[in-house]
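As a basis for the values below, the full set of heavy atoms in this structure was taken, side chains included, without hydrogen atoms, waters or symmetry mates. To find a chain, count down the sequence lines: A is the first, B the second, and so on, and within it residues start at 1.
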Number of protein chains: 2
Amino acid sequence: MAAPKRLTQHDIAKLAGVSQATVSLVLNGAPTALARIPQETRERVQHVIRTTGYVADPIARRMAKGLNRILGVFTYEPAFPSAQADFFTPFLLGIEEEAQIQNYDLLLLTGAGVGQDRKIFADGNRLRIADGCLVLGREFDREELTRLVGGDYPFVAIGRREDAGGPVPYVGGDYANGTRALVEKARALGHSKLAYIGPPGPAESTADRWSGFYGALGDGLELVLHVETVGRAAEEILDALLGCGATVAFFVELADAVRVEAAARERGLSIPGDFSAVVLGSHIRAERSHVQFTAFDIPREEMGRQATAMLVRRIERGEPGSQILLTCEPVEGETLGPAKRRT
Amino acid sequence: MAAPKRLTQHDIAKLAGVSQATVSLVLNGAPTALARIPQETRERVQHVIRTTGYVADPIARRMAKGLNRILGVFTYEPAFPSAQADFFTPFLLGIEEEAQIQNYDLLLLTGAGVGQDRKIFADGNRLRIADGCLVLGREFDREELTRLVGGDYPFVAIGRREDAGGPVPYVGGDYANGTRALVEKARALGHSKLAYIGPPGPAESTADRWSGFYGALGDGLELVLHVETVGRAAEEILDALLGCGATVAFFVELADAVRVEAAARERGLSIPGDFSAVVLGSHIRAERSHVQFTAFDIPREEMGRQATAMLVRRIERGEPGSQILLTCEPVEGETLGPAKRRT
DNA sequence: ATTAGCTGCTAATGCGTATTAGCAGTCAAG
DNA sequence: CTTGACTGCTAATACGCATTAGCAGCTAAT
């Protein structure tokens, strides 16, 4: 394919009998400057541009201006691989939407690191291609986060993050209050012996659920079982549940809830007839399970949108970045019923 | 905070007590040039780079050298919005995987255009930030495609595309043969009166299905019903199906098949007991329907992978780009049975 | 003693654009 | 006739990097 050397403003200038600067001004000069170029000259230049099909090289343009209109998206796990797909997709949906509105492109930091070992500051870090970046992932590398906070590179995390040598700008879901609201609901339905299936930390997302849960205890509510490990055999969890007299179980992971529900059904137990179950969060694929669990909604798209908007503000106006927690509304579901008097 | 002034090679140079040129050479000089910089100096420079976390500005780099290690991804519809999410996600999965292997980052050309009106050449094609680009979408803008083919910018389409002022480089699925194979299967099971639910074009993807289908007719096979509009009321389609004596229906859209199956079941008809149904393609969310339709598999991830690999070859070695159709293997399913003698 | 070749660097330039400072010319007012 | 303001442009520079030409100092061979 014959690659005719790209036209430059210089070429246009020569053809129009003006200087390169004039071409640039005609193209996108400030109104004040434009006012000083007579209509006639402007038209001559425009005409040459039109007939040649010239388009300014965006690279050079950005080079001169200093801004790329590119937002980086760094994920601590590969963004698309099937298992994770449903975790990241809704965030990306919101991010893409807002980015488009703000007229930014998205750079997926893919090459960053192969396999497990993703590091923002990996060797040959390409982050700075973008004007700023969004960071997502279940668990962050604390050291990297500190470095980000300490640096002058604009970023926003998705999901609440503890201070790391300073406050971390983020948009997260208010899991603590989402959880608390569900506990209150259980209380209202007469439950008093609760089980909690999931770790109390260390990731912020799980820590927040736990603190919301734990903070709502007392005053008639009692934690009678805490299974800290995720992915435990369903039978085992079920036995423990029945053994300790809990009337409602709070699950951090939907997967656990699904498995326990299945095990219960196999034994002829019903939910919420025999005991109630609550999932602390919403999961895209929840629909696939025939059971609609009582849970709270995580406004993932909105988180993506707001985080993107905040990042753009940081980039364009130098705003400092703040910390936003979005409300997680309860989802009715069908697995939380009145407490059953156990015999 | 106004200008978080990024580090430049100049800064590094000063810190290491060398010149900017030396820094650049240490970073990526040709072996011949590198040989002339003693180990000691190189280490000094590297050390400064590491401790400061300096990264070369890719825009400037691209400006100077012309390459970026960035692949653009242009989608004719927003990449993530829920309805489409399942359409693009598997492609992106393959693309991301291969890009990572080849050590490229992905730039989602998001800002390109808002809403329906996505255009590659919309604003002074920011496309060129990337070294090359992948184009995906159900339907392409033919004019833009022609411009791409005519230009010297490397790109690869995902999905077969007709010539547009020249052959279009693509990696697609062989829908025609995938369809043909399913028709043959139906023939082997004694079917002779076929129905086709879906348009014959104009998009290549639907045209290929139709041509594969139509080409397999004759020799005992007869098209007794062709419903060209997608999304027609299920009842209506069902009536037509029953009325014309078709023993098997080929659906272009899974959604139609699902709705017709549901309508049939409601009337006490069974598939494939009363008539068979075949879907021309695979759909991620197929699992959600309780019925496993007989269909063919679209190797979306593999398409993404191979398209990415081809693009990289075009970029790095200037290869001309070719046209690849990947085999779409049949999916057994449970909706294609022996033809039933209609009374 | 001159030349040739090597080592270890640096100065200079180009990439294509945006932007600013300022020049030469005209015109009107003082 | 000088001053100032305005018009219509252009020269020059910056942006951050890659790359090439080449300089200064040294050694070894002729």
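Between Arg61(B) and dA18(D) there is a side-chain N or O to OP1 or OP2 distance below 4.0 Å. Considering only side-chain N and O atoms, Gln20(B) lies nowhere under 4.0 angstrom from the phosphate OP1 or OP2 of dA11(C). Neither OP1 nor OP2 of dG16(C) sits under 4.0 Å from any side-chain N or O of Tyr54(A).
Leu27(A) has its CG atom 9 Å from the P atom of dT17(C), to the nearest Å. The CG-P distance, from Leu25(B) to dG16(D), rounds to 19 Å in whole Å. Between Lys65(B) atom NZ and dT19(D) atom C1' the separation is 11 Å, expressed in whole Å. Asp11(B) places its CG atom 11 Å from the P atom of dC15(D), with the value rounded to the nearest Å. Rounded to whole angstrom, the span from the CG atom of Asp57(B) across to the P atom of dC15(C) amounts to 19 Å. When the C1' atom of dC26(D) is taken as reference, atom CZ of Arg36(B) falls 13 Å away, rounded to whole Å. Between Ile59(A) atom CD1 and dG16(C) atom P there is a gap of 12 Å when expressed in whole angstrom units. In this entry the distance linking CE of Met63(A) with C1' of dA14(D) reads 8 Å, nearest Å.
Thr8(B) comes within contact range of the sugar-phosphate backbone alone, with a heavy-atom separation under 4.0 Å but no base atom that close.
Two residues, Thr22(A) and Thr41(B), neighbour DNA chain C, and the one matched to the more 5' nucleotide by heavy-atom proximity is Thr41(B).
Checked against dT17(C), dT19(D), dC9(C), the side chain of Ser24(B) finds its nearest nucleotide in dT19(D). When distances run from any side-chain atom of Val18(A) to the nucleotides dC17(D), dT10(C), dT10(D), the shortest one goes to dT10(D). Counting only heavy atoms from C-beta on, Ala60(A) has its side chain closest to dG16(C) among dT10(C), dA11(D), dG16(C). Between dG16(C), dT10(C), dC9(C), one nucleotide has an atom nearer to the side chain of Ala21(B) than all others, and that is dT10(C).
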**Request:** Give the C-alpha distance, both sets of side-chain angles, the deciding distance and a yes or no for side-chain contact (heavy atoms from CB on, under 4.5 Å) between Gln306(A) and Met310(A).
**Result:** CA-CA 6 Å; Gln306(A) 293 207 20; Met310(A) 186 192 295; over 6 Å; no
- For Arg314(A) and Glu316(A), run salt bridge (charged side-chain N to carboxylate O under 4.0 Å, His left out): C-alpha distance rounded to whole Å, both residues' side-chain angles, the deciding distance at 0.1 Å, then the answer. CA-CA 6 Å; Arg314(A) 288 197 70 180; Glu316(A) 296 185 353; over 6 Å; no
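The pair Arg147(B)-Glu143(B) fails the salt-bridge criterion, with no side-chain N (NZ, NE, NH1 or NH2) lying under 4.0 Å from an Asp/Glu carboxylate O. Contact check on Glu204(A) versus Arg161(A) returns a salt bridge, with a Lys/Arg side-chain nitrogen under 4.0 Å from an Asp/Glu carboxylate oxygen.
Taking the centre and axis of the six-membered ring of Tyr104(B), the NZ or CZ atom of Arg69(B) falls inside the cone set by 45° and 6.0 Å.
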